[in-house]
Asker: 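Please find one structure pasted underneath; my questions will follow.
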Amino acid sequence: MEQVRYGGLEAGGTKMVCGVANEKGEWLAKLTIPTKHPQETMPEIIAFFEEQQIDSLGIGSFGPLDLVKGSSTYGSLASTPKKGWPGYSLLGAFAHLNIPISITTDVNGAALAEAAVGAAKGLDSCVYITVGTGIGAGAVVNGTILEGLSHPEMGHIPVVRHKDDRYEGNCPYHGDCLEGLAAGPAIQGRWGKAGVELAEVSEVWEMEAYYLAQAIATYTYVLSPKRVILGGGVMKQRHLYPLIRQALATQINGYVKIGDLEEYVVPPGLGDDAGLTGAVLLAKQALVQKGLKSTNL
Ligand SMILES: Nc1ncnc2c1ncn2[C@@H]1O[C@H](COP(=O)(O)OP(=O)(O)OP(=O)(O)O)[C@@H](O)[C@H]1O
Ligand SMILES: [Zn+2]
């Protein structure tokens, strides 16, 4: 029998990573191109997947996305500031391939990949948070990615301000939500320099940890995940991990029995392939759901 070919697309605001993998998860082909206007970027991606003769496709995309079941614009990008992309249907772009397609957020894809083969391997729940230009989080609950009305927007939860924080916050929708106070651009806006140049300034990271710990406490109370994975550019400041664990312990104050915090709050287990791995797992699930394949994942 010919081998199955799973297509994965990690659609990012900066770059598009495409890959094709077989059943064993071995990469058969890959393509990375910069994200420009969709009219420029998408034809190359579509041609790649056509040529690769994939059997199903998984997409983990930057958002916000319309994932409202039954919506006529299901699988389209919503109000992104990226030129040309609002309203663009990622799902529609591949409809003519006539294959099963599954689409979710990049962070849901990353959570799925981490739960399957990464830092939460063997667990049936986790939350994956990225702290970069924005803050986003995805979750696996009972072995399945979490979607509902559409997809979660965990980066935009309200947080209690740090007593020394005078920064107004920069979320265009909420001002001082989590993303508005703690994503990379908020660090730059508050302290006047990019995070990478502030590595030695302890107040910066103490405040950052205070906000991220609040988010983790909230996700812990609401979702009760078995592990929380933190990635993204800002988390390259490795000293943030112990600071976050400490702040989390203080904030939860023993109310939830978490166990070893070093095992609860962890860095990603997958490297640069995380997004693509998640996308390929979605492709596998899409094929199984269509009944075209019966093996378990
Ligand atoms: N080593 C570092 N230390 C602190 N901050 C960093 C570091 N590297 C990158 N950043 C910050 O992370 C942000 C970029 O995040 P990231 O590298 O995850 O890219 P991104 O893909 O644009 O983010 P997003 O996933 O939100 O779209 C910038 O605000 C940058 O200042
Ligand atoms: Zn917000």
Side-chain angles (χ1 to χ4, degrees), residues 9-17 32-36 41 60-65 77-83 85 104-111 113-114 127-138 150-161 165 167-209 211-212 214-215 218-219 229-244 267-268 270-276 278-279:
L9 168 60
E10 179 192 355
T14 313
K15 61 184 193 309
M16 295 281 184
V17 188
T32 300
I33 59 170
T35 307
K36 295 184 182 156
T41 307
S61 175
F62 67 106
L65 283 174
L77 280 149
S79 52
T80 166
K82 263 202 95 68
K83 208 168 162 262
W85 291 93
T104 191
T105 57
D106 46 5
V107 278
N108 259 349
E114 291 290 348
V127 168
Y128 179 94
I129 309 169
T130 179
V131 190
T133 307
I135 296 183
S150 182
H151 58 80
E153 281 289 1
M154 295 191 247
H156 292 269
I157 58 168
V159 284
V160 177
R161 277 182 166 274
D165 193 5
Y167 180 60
E168 65 274 23
N170 67 356
C171 172
Y173 291 89
H174 318 111
D176 60 358
C177 66
L178 174 69
E179 177 173 297
L181 290 176
I187 297 175
Q188 167 118 32
R190 177 186 295 111
W191 304 98
K193 279 185 204 169
V196 69
E197 296 174 63
L198 296 161
E200 311 297 331
V201 187
S202 60
E203 299 97 290
V204 173
W205 308 109
E206 187 257 321
M207 194 177 282
E208 184 69 10
Y211 288 128
L212 293 174
Q214 278 191 60
T218 297
Y219 307 155
I229 300 150
L230 282 156
V234 172
M235 294 310 301
K236 288 190 186 141
Q237 300 293 323
R238 303 305 265 198
H239 51 274
L240 262 176
Y241 290 94
L243 290 173
I244 291 168
L270 301 169
D272 292 341
D273 272 351
L276 205 50

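Just follow the structure's listing: the first ligand is 1, and inside any ligand the first atom is 1. As a basis for the values below, the full set of heavy atoms in this structure was taken, side chains included, without hydrogen atoms, waters or symmetry mates.
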Asker: For atom 1 (N) of ligand 1, is there a protein heavy atom at a distance under 4.0 Å?
Answerer: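 For atom 1 (N) of ligand 1 the answer is yes, since some protein heavy atom falls inside 4.0 Å.
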Asker: Return the option from Leu240, Leu198, Thr130, Val234 holding the heavy atom at the smallest distance from atom 12 (O) of ligand 1.
Answerer: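 That would be Val234.
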Asker: Hey, does Gly232 come in under 3.5 Å of ligand 1, counting only N/O atoms on both sides?
Answerer: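 Min N/O separation from ligand 1 is not below 3.5 Å for Gly232.
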Asker: Tell me, which protein residue and heavy-atom name are nearest atom 3 (N) of ligand 1, and how many Å apart are they?
Answerer: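 Residue, atom and distance for the closest contact: Gln237 NE2, 2.7 Å.
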Asker: Strictly distance-based, threshold 3.5 Å: is any side-chain N or O of Arg190 a donor or acceptor partner for the main-chain N or O of Gly169?
Answerer: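 It does not hold such a pair.
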Asker: Closer than 3.5 angstrom, by distance alone: can the side chain of Tyr219 be matched with the main-chain N or O of Met154 as a donor-acceptor pair?
Answerer: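 Judged by distance alone, yes, a pair lies under 3.5 Å.
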Asker: How close do Thr41 and Thr35 get, counting heavy atoms only, and between which atoms?
Answerer: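 Closest approach of Thr41 to Thr35: OG1-C, 3.9 Å.
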Asker: Report yes if some N/O of Lys236 lies less than 3.5 Å from some N/O of ligand 1; otherwise report no.
Answerer: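 No.
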Asker: Show the nearest heavy-atom pair for residues Cys171 and Cys177, with the distance to one decimal.
Answerer: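 The answer is CB-SG, 3.5 Å.
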Asker: Kindly compute the distance separating OG1 (Thr32) from CG (Leu276), expressed to the nearest 0.5 Å.
Answerer: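 The OG1 atom of Thr32 sits 8.0 Å away from the CG atom of Leu276.
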Asker: Using every non-hydrogen atom in the two residues, find where Ala274 and Ala113 come nearest and quote the distance to one decimal.
Answerer: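 It is O-CB, 3.6 Å.
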Asker: State, to 0.1 Å, how close Gly195 and Trp205 come at their nearest heavy-atom pair, and which atoms those are.
Answerer: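 Scanning both residues, the minimum pair turns out to be O-CZ2, 3.4 Å.
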Asker: Could you tell me whether Ala183 approaches ligand 1 through its side chain, its backbone, both or neither, with non-hydrogen atoms closer than 4.0 Å?
Answerer: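 Neither; nothing of Ala183 gets under 4.0 Å from ligand 1.
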Asker: Does any N or O in the side chain of His156 come within less than 3.5 Å of the main-chain N or O of Glu179, such that one atom is a donor and the other an acceptor?
Answerer: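 It does not hold such a pair.
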Asker: Ignoring water, what protein N, O or S atoms are under 2.8 Å from the Zn ion (ligand 2)?
Answerer: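 Counting only protein N, O or S atoms under 2.8 Å from the Zn ion (ligand 2), the list reads His156 ND1, Cys171 SG, His174 ND1, Cys177 SG.
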Asker: Quick check: does any side chain N or O of Glu114 sit under 3.5 Å from a backbone N or O of Leu270, one acting as donor and the other as acceptor?
Answerer: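 Checking the backbone N and O of Leu270 against the side chain of Glu114, a donor-acceptor pair under 3.5 Å is found.
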Asker: Give the single entry among Gly233, Pro185, Gly63, Gly231 that approaches atom 16 (P) of ligand 1 most closely by any heavy atom.
Answerer: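 The residue whose heavy atom sits nearest atom 16 (P) of ligand 1 is Gly233.
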Asker: What are the two closest heavy atoms between Tyr167 and Pro185, and how far apart are they?
Answerer: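 Where Tyr167 meets Pro185 most closely, the heavy atoms are OH-O, 4.3 Å.
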Asker: Any non-hydrogen protein atom below 4.0 Å of atom 30 (C) of ligand 1?
Answerer: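 When distances to the protein are checked, atom 30 (C) of ligand 1 has no heavy atom within 4.0 Å.
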Asker: Evaluate the side-chain proximity of Leu243 to Glu206: yes if any heavy-atom separation is below 4.5 Å, no if none is.
Answerer: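 When only atoms from C-beta onward are counted, Leu243 and Glu206 do not touch, as no gap falls below 4.5 Å.
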Asker: Hey, looking at atom 13 (C) of ligand 1, which of Gly13, Gly132, Ala194, Ala110 has the closest heavy atom?
Answerer: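 Looking at heavy atoms only, the winner is Gly132.
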Asker: When you measure from atom 26 (O) of ligand 1 to every protein heavy atom, which one gives the shortest distance, and what is it?
Answerer: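 For this ligand atom, the closest protein heavy atom is Gly134 N, 2.8 Å.
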Asker: Measure the shortest side-chain to side-chain distance between Arg238 and Pro267 over non-hydrogen atoms and say whether it is less than 4.5 angstrom.
Answerer: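 They are in contact (side-chain heavy atoms under 4.5 Å apart), so the answer is yes.
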Asker: Using heavy-atom distances only, which candidate in Thr133, Val107, Val196, Thr14 approaches atom 23 (O) of ligand 1 most closely?
Answerer: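 Nearest heavy atom to atom 23 (O) of ligand 1 lies in Thr133.
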Asker: Any idea which protein heavy atom is nearest atom 28 (C) of ligand 1, and the distance to it?
Answerer: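 Checking every protein heavy atom, the shortest distance to atom 28 (C) of ligand 1 gives Gly184 CA, 4.4 Å.
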